[in-house]
Structures are given as structure tokens and as C-alpha cells.
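Treat the numbers as computed from the prediction; the structure is a model and nothing was measured. A note on names: the letters A, B, ... follow the listed sequences, proteins ahead of strands, and every chain is numbered from 1.
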Amino acid sequence: MELMPALLFLQSMLAATWRMATPIIYAAVGEVFTERSGVLNIGLEGIMLIGAFAGYSVAYETGNLVLGLLAALVSGLLSGLIFAIFTVSVKANQIVVGAAFNMIGMGLSAFLYRTIYSQSGRVLSLQPFRPLDIPGLSDIPFLGEVLFRHNIMVYGTVVLVVLAAFVLYRTAFGLSLRSVGEHPKAADTTGINVPATRYVGVLIGAVLAALGGASLTLAYSDQFVEGIVTGRGFIALAVVVFGAWSPWGAFWASLLFGSFYALQLRLQAMPEVLIPYQFLQALPYLATLVVLISLTRRARAPRALGVPYP
Amino acid sequence: MDWAALRARLGKQLRSVWTPLIAIPISLLIGAGILLLSGYDPIAAYQAMWQGAFKDRIAVTEVLVKATPLIFIGAGLAVAFRCSIWNIGAEGQFYVGAVMATVVGIYLGSLPGYILMPLVLIVGMIGGAFWGMLAAFLKNRFGASEVVTTIMLNYIAIYVTGYLVTGPMIETKGLFAQTPKISESAWLPRFLPPTRLHIGFILAIIFCIVLYILIFKTSVGFAIRAVGFNPDAARYASINVRSNILLAMAISGGAAGLGGAVEVAGISYRLYQLISPGYGFDGIAVSLLVGNNPLGVIFSGILFGALRSGAEVMQLSAKVPSVLVFAIQGLVILSVVATGAYRAVVREKEE
């Protein structure tokens, strides 16, 4: 009789893990492209916040979630373009520009939210993406709940990773991107346009980060809250390292972090767990530290990461 | 001194003043654009901001009160950034300093003031230094990027503070999530009553001068800058890169921790959840604006103190959300970067 509650716990835990990992997967897979092209974007958190707000705002006003996603995508393109101008064309210090992006993202999204929405003092929720039960498969015991009753943003992560791995390893563009991040000078001599390739790397990363942010306001929850991203952009940076700069690596590493979020939320809800809730909230961040130090040495970063060219 | 050398020297000094002089108007202009697009009157908003920061003696001293933690944090970050260590964790280091100071100020409250007051500050500084060195250790030992680790350490410090002020350290009445006040003998003297200006501001300025001398006039500072400039070359010159990274993070974290202790002993007298409204992040802009120069930090710290102080009044009187200041600070950093790049282009053409 003890087995059933344990299985149920595991089932809801695993299902939540994928949901919680979703925003991180988008941001981290995008950052894989950015870093593979040799650019380090630590401004993910800010770009995710802007995407979260843009998506929420447009979806709330129009009642159309797809338009919301489109708005997030455009916000990501704009953020990425500005980031690339500063880091690739102007060749500014990438960490400094990233830190500025985080401040602007935090300030601008909170400023616009307070200006447009919070005067009313009400929580303005929208109709988020609903779970799409896959016919047949969703009825499988255990697995159905874990894998086949999610919303479209969650399913989208698998499509994204497959596509990302294909583009990165099986296309000419992917090869150029990786060579630009490893040895830009050599890439340059073979006729690859280094700055243009890096622009694309940055834009892919920013667009996916913005979509990851929007998944928080349009799918995971149904509203915008100031600072809603709560460090997921930074966790995505750790995930890229932990996932050895590969899309699938980033995917599995994100799931690991998703499980920390899922676990701490479930433990918080259990009255018999006597750990103070602040310690549980700190768990994903503590886990990031532990994971980062236990496996950092395994893989090597792109050789030209963070170094402007020429 | 001959004429050419003097001119070169003056030119160098002027250049370091130019960047903020160009960067700040640019970012305020973009901020005005954002205000205009969001349906506010930018002139009224900035007027309210100016009024809030400078309308009378009390307002001006409040600016200096707000500037004090920013100056401590900014001066420390200047050292870390000079070493090319990207410490984004001043916020957490500030919290650890504030926690340690409060613990000492409450539980050793029976000590006489001339022992307790310095002890509170020193313990706060050590706490922040420890939190900073943790990130340096993880970088040296495991190659973990300090950008990520310092941010994770921020969250951990903030959540632990939340636990302390709602749990074991909550005041006995227990009405608010805050600790009782620290012993009055640890309070930093206020020298311009009825304003809140306290000697912490003077300490901050002395601290900047000390760090300036350390960084630019001693061999210790030279080694830190050499590591920041080119770690491989520094290693070749038999400078120990790792111990300099550790030292830079200790100074940087210690400065932030001292800032936290000064905030507790000078202003709040107790610990609560939001003791820092993001000072650790503002500090990044404070340092970058003046090219990571600890003396310049005094100027930029006061400027950002005025922005913060003014923004609170702007929110009250012009109903403009004060969080706009965050965005403006980010814009200041980008403008500094752009100005620097523009000057590099001009210099290239001249040559």
C-alpha cells in the first residue's frame, strides 16, 4: 500500500520537472548557439524578462496567445540586435553589456507593467496555453501524466532540441557557427563572415530566451509578476556549461534543474517537512553551485568564447 | 614639467571626466523617450526627480545617505573589475555583511561602544569578504565562472536572510519580519541632526582613498591590475594569478560587506528582508561609469544616490514608477561603453 502514494508523488514530480525546465531549455539551447559562435550573453535574464512582459502584454490585450509569442519573438530580435551591435560591432566587453541588459530588462519590464497594468491593483490574468492531451498516449498509466499531458510550449522543447542539434551539427551554417567560435581567424580565411555569423548566433539566443520568458507568462502561469524570471536566465548559463555546449546536453541539464524546482515546490507544500521554506527556495541555486563545481572540468568551452574579433 | 607632458596629463584627466559627462545626458535622454512613449511628461518627471534630490538640506543629506552603501560597493567592485573578475555578487556580499553586523550588534550588545562599533563593522567586512572569496575559490579550484557563482550566492544569501528575520532572529513582539534593534552603543554617530547623515559617509570616502592608493600606488595593486590586464603575461612575470583573484574578491566582497554593516549600524539599526533595494547591482554601474577608479566612485556613487533618492520623490509626486531608475542605470552603462568605443575610433583616426 505504500507504493501508490510514492508513485503518485514521482509521477507529479516528473511531470512538473519538464514544465519547470521548459523556460530554461529555451534560454539554454539558444545560449548554446550564442556561445558556440564565440559570444557570451549573460544578459539572458533581462532578455527573458522583456520577452515575458511583451508576450503577456500583447496576449492580454489581444486575447491571442500566438500574437503574444510573436511579440516576445520580436522583442528578442530587438534585444539581440542591440546586444550584437554592442558586443560584435562595437566589440565592447560582453559581460559589461550583459550586466546592463539585465538592469534594463528588470527596470523596463517592471516600469511598463506598473505603468500599464498595476494601477488597477488587480491581478490581470489571461487564458494561458492549455494542456494538450495526446490522444491514446495520455491514457497510459504513469507515463501519460508525465509525458503526454502538457501545453504546447513544453512539447515545443523537444522539437527545438532536435532542430537545434540538426542545425548545429548537420548543416553548413552550424559548421560555420562552430568554427567562428573556435577559431575565428581560420574561419575568416575560409571566407566565412565572422561578424555576420556571430550576429546570427546572438539573435538565435536572444529570440529563444525571449520565448522562454514568454513561456512563463503564457503557459507556465497566466500573469506577469515583476522579476518573474527569478534567476532562470542565470541558471541557463550554468546549464550551458553543464550540458557541455550541446543542445541535448542543455536539454538534460535543464531537466535536472527543473527537478530541483519541482522538488522544492512539493516539499514546501508538505506539512510534515520541517525545513524552513527559504532553504527550499534556495535549493535550485545551491544545486547550481554544486553541479557547476562537480562537472565543470569535463568539457571545454568554445576557444574564442568572449573574445571579440578581429 | 614641460608643456607637452603637462598637456598629455591634463588630457588624460579630462578624458576620464568626459565619459560620464556624455553618458549621463544620453541615458537621461533615452529615459525621457521611454517616459514620453509611456504617456508621462518627462520634464515634469525629471523636475520632480531633481527636486527630490536637491530641494533642501535634508534632501541633499538623504542623497549622501543613499550614496554611502553605493560608494562602498562601487569602490570594491572597481578593484574586482580591474582584476577582470566579474563580481555580480555584491548584493549577496552586502547581505552577509549586514547579517554578521546585526548578529554581533545584538548578541554582543553589552560590550562598550568603542569596542562594539568597530567590531560590528569589521565582522561585517569579514563576512562579505568570505562570501566573495567563496566565489574566487570556486573559480580557482574548479574553474567555475564567477558570473554564475556570485549570482547563485546572491540568492542563497538573500534567502538565508529571509529565514533569519522571519525565524530565529525575529524581534520578540514578532509583528514584522525584522530583528530587534542592535545595541545603541554600536550606532554610528549622526553629525548633522536632524538629518540622517552619519559618519559612515566619511568612512566611505576614506575607504575609497585607501583603495585608490592600494590599487594605483602599491605593488599589491599593480599585481591585481596586471592579472586583470593579461593573466598569461602576469603569470610569465611570476605573479600568482590565483592568489590575486582571491585577494581581489576578498577586497570586493569585504567592501560590500562593510557597506552592509554600515547600513545597519548607521541607518536601519536592524536587519530585515529588503535591507538592500538592489544596491549591489547599482554598484556595478557606479564603478563602470568612472572607469573602475575608486576615487571616481565617490562622484558616481553620489550621482546614483541622487538618482535613487530623486526617483522615490518622482514616484510620489509625478506618479512615475521609480523602477525606471534601474533601466536608466543600464542605459548609463551602455552609453559609457558606446562613448568609450567612439573615442577609440576617433583616436585611431588621429593616429
Side-chain angles (χ1 to χ4, degrees), chain A residues 40 42-43 45-46 82 85-87 89-93 95-116 118-119 226 230-231 233-235 237-238 241 276-297 301, chain B residues 34-35 38-40 81 84 86 88 134-135 137-138 141-145 147-149 151-164 166-168 278 281-282 284-285 288 315 319-338 340-342 344-345:
Chain A
L40 178 65
I42 69 154
E45 180 88 0
I82 299 172
I85 288 173
F86 273 96
T87 54
S89 299
V90 175
K91 302 187 192 73
N93 182 307
I95 293 179
V96 170
V97 176
F101 263 67
N102 288 330
M103 286 184 195
I104 294 172
M106 180 75 211
L108 199 61
S109 61
F111 171 77
L112 291 175
Y113 179 73
R114 286 193 204 176
T115 297
I116 305 173
S118 76
Q119 315 285 16
E226 281 176 34
T230 56
F234 299 117
I235 288 183
L237 290 174
V241 178
Y277 72 92
Q278 291 98 342
F279 290 162
L280 294 173
Q281 285 176 326
L283 182 71
Y285 310 104
L286 195 64
T288 308
L289 279 183
V290 173
V291 162
L292 205 59
I293 62 178
S294 57
L295 283 139
T296 305
R297 291 264 157 117
Chain B
I34 297 173
L35 283 167
S38 327
Y40 297 104
F81 293 168
S84 289
W86 305 104
I88 317 286
L134 212 54
F137 169 75
L138 294 176
R141 177 75 179 72
F142 303 101
S145 157
V147 172
V148 176
T149 56
I151 288 165
M152 298 302 134
L153 289 167
N154 282 346
Y155 284 104
I156 294 168
I158 291 168
Y159 282 125
V160 169
T161 305
Y163 165 69
L164 291 174
T166 53
F281 301 107
D282 298 7
I284 298 170
L288 290 175
Q315 172 154 317
K319 303 274 176 279
V320 178
S322 62
V323 280
L324 181 68
V325 169
F326 264 118
I328 290 183
Q329 283 172 359
L331 291 170
V332 167
I333 298 180
L334 287 187
S335 315
V336 168
V337 168
Y342 174 75
V345 170

Validation row: B/I88, A/N102 side chains within 4.5 angstrom (heavy atoms):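 Not in contact.
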message: My understanding is that only one of B/I151, B/V148, B/T149, B/I156 makes a side-chain contact (heavy atoms from CB on, under 4.5 Å) with A/T288; could you say which?
response: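 Only one option passes, and that is B/V148.
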message: Are the side chains of A/I235 and B/M152 in contact, using a 4.5 Å heavy-atom criterion?
response: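 SC-SC contact between B/M152 and A/I235 confirmed.
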Sequence neighbours excluded and cut-off under 3.5 Å, please list the side-chain donor-acceptor pairs for residues 320-332 of chain B, or say none.
residue, atom, partner, partner atom, Å
B/S322, OG, B/Q315, OE1, 3.0

- request: Quick one: pull up OH in B/Y155 and CZ in A/F234 and give me the separation to the nearest 0.5 Å.
  value: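 One gets 6.0 Å once the value is rounded to the nearest 0.5 Å.
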field: Interatomic spacing from CD1 in B/I34 to CD1 in A/I104 - rounded to 0.5 Å
entry: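 These two atoms lie 8.0 Å from each other.
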- request: Would you mind checking which part of B/Y40 comes under 4.5 Å of any heavy atom in chain A, side chain (CB onward), backbone (N, CA, C, O), both or neither?
  value: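 Interface part for B/Y40: side chain.
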task: Please look at B/T161 and chain A and tell me whether the side chain, the backbone, both or neither of the residue comes under 4.5 angstrom of a heavy atom of that chain.
output: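 Contact with chain A: none, neither part.
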Max heavy-atom pair count under 4.5 Å with chain B, selected residue of A/I82, A/I95, A/V90: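 Counting heavy-atom pairs under 4.5 Å, the top option is A/I95.
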- prompt: Taking all atoms of both residues into account, what is the closest heavy-atom pair of A/L112 and B/S38, and its distance?
  reply: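 The pair with the smallest heavy-atom distance is CD2-OG, 4.0 Å.
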task: Classify the angle between the aromatic ring planes of A/Y285 and B/Y159 as parallel (below 30°), tilted (30 to 60°) or perpendicular (above 60°).
output: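 Aromatic pair A/Y285/B/Y159 classed parallel.
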message: Within this structure, what is the CG-CE distance for the pair B/D282 and A/M103, rounded to the nearest 0.5 Å?
response: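 Here the interatomic distance stands at 6.5 Å.
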Validation row: B/W86, A/I42 side chains within 4.5 angstrom (heavy atoms):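 No, too far: nothing below the 4.5 Å cut-off.
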- prompt: side-chain contact (heavy atoms from CB on, under 4.5 Å) between B/L35 and A/F111: does it pass, once the steps are laid out?
  reply: CA-CA 10 Å; B/L35 283 167; A/F111 171 77; 3.9 Å; yes
- request: Can you see which heavy atom on A/A92 is nearest to which on B/V337, and at what distance?
  value: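 Closest pair (atom of A/A92, atom of B/V337, distance): CB-CG1, 3.0 Å.
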message: Among A/I85, A/L40, A/V97, A/L289, which residue has the highest count of heavy-atom pairs closer than 4.5 Å to chain B?
response: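 Option with the greatest count: A/L289.
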